[in-house]
Amino acid sequence: MSDSLLNTAKQVISIEAQALSQLSEQLDQNFVKACELIQNCSGKVILIGMGKSGHIGNKIAATFASTGTPAFSVHPGEAGHGDLGMIEQNDVAICISYSGESDEIMTLVPVIKRLGVAIIGMTGNANSSIGQISDIHLDVSVEKEACPHNLAPTSSTTVALAMGDALAVSILTSKGFSPDDFARSHPSGALGRRLLTFVSTVMKTGNDIPNVSADAKLLDALLVMSQKALGMVLITNNNELQGIFTDGDLRRVLETHDHIQTLTVGEVMTANCKSILSDKPAMAAVQIMDEFNLNSLPVVDHNNQVVGAINTHTLMQAKII
């Protein structure tokens with residue numbers, strides 16, 4: 001029984017993978033025209049599909065919206081009872097129907113056409129009703145469904161979804177849509193938090209900054225480092241960063257010095273240490289710390305004045321890492 005289930009699953013995945021491979025061969029200048037039409041649209045992209053195609057339309061609309069192209073999905077049944085009012089003259093409609101003969105969509109076509117809205121048809125048959133009335137037709141035909149009876153929409157919905165992804169990603173690439181742009185539409189997600197959180201919002205400031213002068217005894221510097229619990233102490237002169245001394249530095253000092261009582265922190269600090277500006281994204285601090293294998297980092301302003309301090313723990317608390 002288990003072997004039979006695994007074999008069926010592998011066959012489904014193989015059939016759908018083949019369908020996706022075929023889709024890449026089907027792409028032509030109509031795809032380019034569809035991208036240009038959407039990119040030049042001053043309104044919204046409206047996804048219209050019935051049944052399984054409607055679910056695919058929902059996902060494609062969500063992908064467009066999250067990547068800088070205003071879009072939403074309209075249920076064709078609801079559209080005939082008032083929701084069609086959401087479609088305006090400057091919009092573009094993408095009608096998804098594998099057969100290309102969806103009665104619910106064809107009922108809406110005259111009104112959509114009367115508004116002057118361009119239609120992109122996404123069907124498996126260019127000669128179908130929807131294929132014929134479309135301004136641009138995208139071929140999402142498949143050789144067969146992954147369903148053993150060749151009935152349940154499987155390969156065809158996978159291919160339609162991939163076509164939507166191809167449109168969205170091609171357009172975002174063409175527009176130069178950046179990770180920061182993406183983060184602005186995902187402020188509640190982990191990615192948005194990482195890209196929109198700045199060093200200034202997570203760093204320790206004021207009395208929480210562990211700092212001493214270069215002539216301070218190492219033992220006194222260790223006491224400050226222990227009290228502030230950031231795994232480091234910053235060495236400053238009139239608040240200008242001169243160097244850093246960390247837990248790791250302490251281990252190295254103990255390995256090379258028999259008597260640490262007479263040492264000043266300036267003698268064993270790391271001068272010209274790495275630092276970060278407070279107006280940088282917190283992820284930039286993570287990248288510096290990863291690249292140079294650091295657990296702590298001073299935060300400075302453009303005049304190299306210390307304004308804060310961060311470490312791995314503060315970044316973890318802020319859910320940046």
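What you see below is based on every heavy atom in this structure, not just the backbone, and it leaves out hydrogens, waters and symmetry mates.
Heavy atoms from other residues, nucleotides or ligands lying under 6.0 Å from NZ of K33 number 12 at most. Taking a 6.0 Å sphere around CG of D28, one finds it holds more than 12 heavy atoms contributed by other residues, nucleotides or ligands. Around the CD atom of Q132, the shell of radius 6.0 Å holds more than 12 heavy atoms that belong to other residues, nucleotides or ligands. Sparse packing is recorded around CG of N207, with 12 or fewer heavy atoms of other residues, nucleotides or ligands lying under 6.0 Å away.
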L20/Q18 under side-chain contact (heavy atoms from CB on, under 4.5 Å): CA gap, chis, key distance, verdict: CA-CA 5 Å; L20 288 172; Q18 185 177 352; over 6 Å; no
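Sorted by first and then second residue, the side chain to side chain donor-acceptor pair (under 3.5 Å) pairs with a member in residues 101-111 read E101-S129, S102-E104; sequence neighbours excluded.
Side-chain atoms of E145 come within 3.5 Å of backbone N or O of S156 as a donor-acceptor pair. Looking at T8, its side chain does come within 3.5 Å of a backbone N or O of S4 through a donor-acceptor pair. Within the 3.5 Å criterion, the main-chain N or O of E240 finds no donor-acceptor partner in the side chain of N237. One N or O on the side chain of D135 and one on the backbone of I119 form a donor-acceptor pair closer than 3.5 Å.
Closest approach of S128 and S99 over heavy atoms only: CB-O, 3.3 Å. Across all their heavy atoms, T262 and E267 have their closest contact at O-OE1, 4.1 Å.
No side-chain donor from either of D215 and T264 sits under 3.5 Å from a side-chain acceptor of the other. A donor-acceptor contact under 3.5 angstrom links the side chains of K59 and T63, judged on distance only. Side-chain atoms of D139 and S141 form a donor-acceptor pair, as typed in the model, at a separation below 3.5 Å.
Note that CG of L172 and CD of Q39 are 10.0 Å apart. Values are rounded to the nearest 0.5 Å. With rounding to the nearest 0.5 Å, the separation of SG in C273 from CE in M232 is 9.5 Å.
At a threshold of 4.0 Å, the pair R252-D247 does not count as salt-bridged, since none of the basic side-chain nitrogens sits closer than that to a carboxylate oxygen.
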Let me check something: any side-chain donor-acceptor pairs from residues 275-295 under 3.5 Å, sequence neighbours excluded? List them with distances.
none

